J.: 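Submitted below is the structure of interest, expressed as structure tokens.
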Amino acid sequence: MYESHFGLQEAPFALTPNTRYFLRAPSHADALELLLVALQQREGFIKVTGEVGTGKTLLCRLLLNELDKTACTAYIPNPNLPPETLYEAVAEELGVDVAGCSNGHQILNALNQRLIALAMEQSPAVLVIDEAQAMPEETIEALRLLTNLETESTRLLQIVLFGQPELDTILAKDSLRQLRQRITFQTRLQPLGQESVGQYLRHRLARAGYNGADIFAPAALKVIWRSSGGIPRLVNVLAHKSMLAAWGRGDRQVARKHALQAVKDTESARPVSWLRRWV
């Protein structure tokens, strides 16, 4: 649509997580660094939480890419599974043939043998679970049992949980206190600040092939930041619609009026409070 109008090679604000567009904003850069350092120490559970749209899945994929050459990883994007099915999914992700296993105990035993073999090969095993707040409580408890798989000197499996804030509420239950005590590192992704929103938009435009003066006027950036609350997914939506509005009018720069039109057209955006701005 507007790509050629603004001199872009591709759409800059697609909602599909793409690691090429990752911006090392303070909160996200700190989270990635924490994950890598924590995994090097080979300890228990690591938890990353954040509101919907803050970039957890993108960070998850970036972590998997970083681990690709140094560890054997298992990725579970939809953990709303019963315990035995979770064991089976983890085993298959780690290359275990579970066809001959008739129950959860046999799957767990086969998984243990695989993890021991990986440890002998000096290949760390990392289980990454996205949308962890969707796990049933009995599956979370089954997950804890996986961390009991260890040798005398090292833990055989590390687990990284990515989830919405509801995950904290679930883990606060007294029945899950044993797992909660095993979370050795945790962090929470924060929304982008006003300055970071500007950097974020410029970064994505540059990745999409743009090389020129700022497309978004300062007033438009302010509207997008306020209305999105700094949530990257909403920033993408509003930026995309703002550029559509500018393109539709034949304008080369996104102005405040274009951003306001985008906000009006986006149900999940915060409406601009004229009274608050006037005060």
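Side chains are part of it too, since the values below use all heavy atoms of this structure and drop only hydrogens, waters and symmetry mates. Owing to the predicted nature of the structure, the values given are computational and were not obtained by experimental measurement. All residue numbers refer to positions in the sequence shown, counting from 1.
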J.: Donor-acceptor pair, T187 side chain versus A31 backbone, under 3.5 Å?
T.: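 Absent.
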J.: Count the heavy atoms belonging to other residues, nucleotides or ligands that lie under 6.0 Å from CG of N211, then report whether that count exceeds 12.
T.: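 Counting neighbours around CG of N211, 12 or fewer heavy atoms of other residues, nucleotides or ligands fall under 6.0 Å, so no.
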J.: Between the main-chain N or O of P12 and the side-chain N or O of R204, is there a donor-acceptor pair closer than 3.5 Å?
T.: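 A pair under 3.5 Å: yes.
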J.: So, using salt bridge (charged side-chain N to carboxylate O under 4.0 Å, His left out) as the criterion, who are the partners of E137 when residues are at least two apart?
T.: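 With sequence neighbours excluded, E137 shows a salt bridge (charged side-chain N to carboxylate O under 4.0 Å, His left out) to K173, given in chain and number order.
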J.: Is there a donor-acceptor pair under 3.5 Å between the side chain of R155 and the backbone N or O of R42?
T.: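 No; judged by distance alone, with no hydrogens or angles, the pair does not exist.
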J.: Could you identify which residues cluster with V237, counting Ile, Leu, Val, Met, Phe, Trp and Tyr as linked when any side-chain heavy atoms lie under 4.5 Å apart, either directly or through a chain of such contacts?
T.: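 Members besides V237, by chain and number: L15.
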J.: Pairs under 3.5 angstrom only: tabulate donor-acceptor contacts from the side chains of residues 263-270 to other protein residues two or more places apart or in another chain.
T.:
from, atom 1, to, atom 2, distance (Å)
D265, OD2, K241, NZ, 3.3
T266, OG1, K241, NZ, 3.2
T266, OG1, A262, O, 2.8

J.: Assess whether atom NE2 of H105 is packed by more than 12 heavy atoms of other residues, nucleotides or ligands within 6.0 Å.
T.: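 Open.
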J.: Please check if I224 and L205 belong to a single hydrophobic cluster, counting links between Ile, Leu, Val, Met, Phe, Trp and Tyr side chain heavy atoms closer than 4.5 Å.
T.: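 I224 clusters together with L205.
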J.: Quick one: sort the Y2 and H240 rings into parallel, tilted or perpendicular, breaks at 30° and 60°.
T.: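 Ring orientation, 0 to 90° scale: tilted.
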J.: Is the backbone N or O of R207 less than 3.5 Å from a side-chain atom of R20, with the two atoms forming a donor-acceptor pair by type?
T.: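 Checking the backbone N and O of R207 against the side chain of R20, a donor-acceptor pair under 3.5 Å is found.
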J.: Would you mind listing the cluster partners of V37? Hydrophobic ones only (ILVMFWY), side-chain contacts under 4.5 Å, chaining allowed.
T.: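 Joined to V37, directly or through intermediates: none.
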J.: Sequence neighbours excluded, which residues qualify as salt bridge (charged side-chain N to carboxylate O under 4.0 Å, His left out) partners of K47?
T.: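 So K47 forms a salt bridge (charged side-chain N to carboxylate O under 4.0 Å, His left out) with D168.
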J.: What salt bridge (charged side-chain N to carboxylate O under 4.0 Å, His left out) pairs are there with at least one residue in residues 107-130, not counting sequence neighbours?
T.: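 Checked against salt bridge (charged side-chain N to carboxylate O under 4.0 Å, His left out) - neighbours excluded - no pair reaches residues 107-130.
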J.: Hey, could you give me each pair passing side chain to side chain donor-acceptor pair (under 3.5 Å) that has a residue in residues 22-41? Not counting sequence neighbours.
T.: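 For residues 22-41, and leaving out neighbouring residues, there are no side chain to side chain donor-acceptor pair (under 3.5 Å) pairs at all.
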J.: Going by side-chain hydrogen bond (donor to acceptor under 3.5 Å, both in side chains), name the residues that satisfy it together with S123, two or more places apart in sequence or in a different chain.
T.: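 If we apply the side-chain hydrogen bond (donor to acceptor under 3.5 Å, both in side chains) test to S123, skipping adjacent residues, there are no hits.
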J.: Other hydrophobic cluster members with L189, side-chain heavy atoms of Ile/Leu/Val/Met/Phe/Trp/Tyr under 4.5 Å, chained?
T.: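 Noted: L189 shares its cluster with F22, L32, L34, L35, L36, L39, I46, V48, L58, L59, L62, L63, L64, L67, Y75, V126, V128, V160, F162, F185.
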J.: Partners of R144 by salt bridge (charged side-chain N to carboxylate O under 4.0 Å, His left out), sequence neighbours excluded?
T.: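 Expected list: E141.
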J.: The criterion is salt bridge (charged side-chain N to carboxylate O under 4.0 Å, His left out); which residues satisfy it with R177, sequence neighbours excluded?
T.: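 R177 satisfies salt bridge (charged side-chain N to carboxylate O under 4.0 Å, His left out) with D174 only.
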J.: Provide the full list of side chain to side chain donor-acceptor pair (under 3.5 Å) pairs with a residue in residues 78-87, sequence neighbours left out, each pair given once.
T.: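 Residue pairs passing side chain to side chain donor-acceptor pair (under 3.5 Å), neighbours aside: none found.
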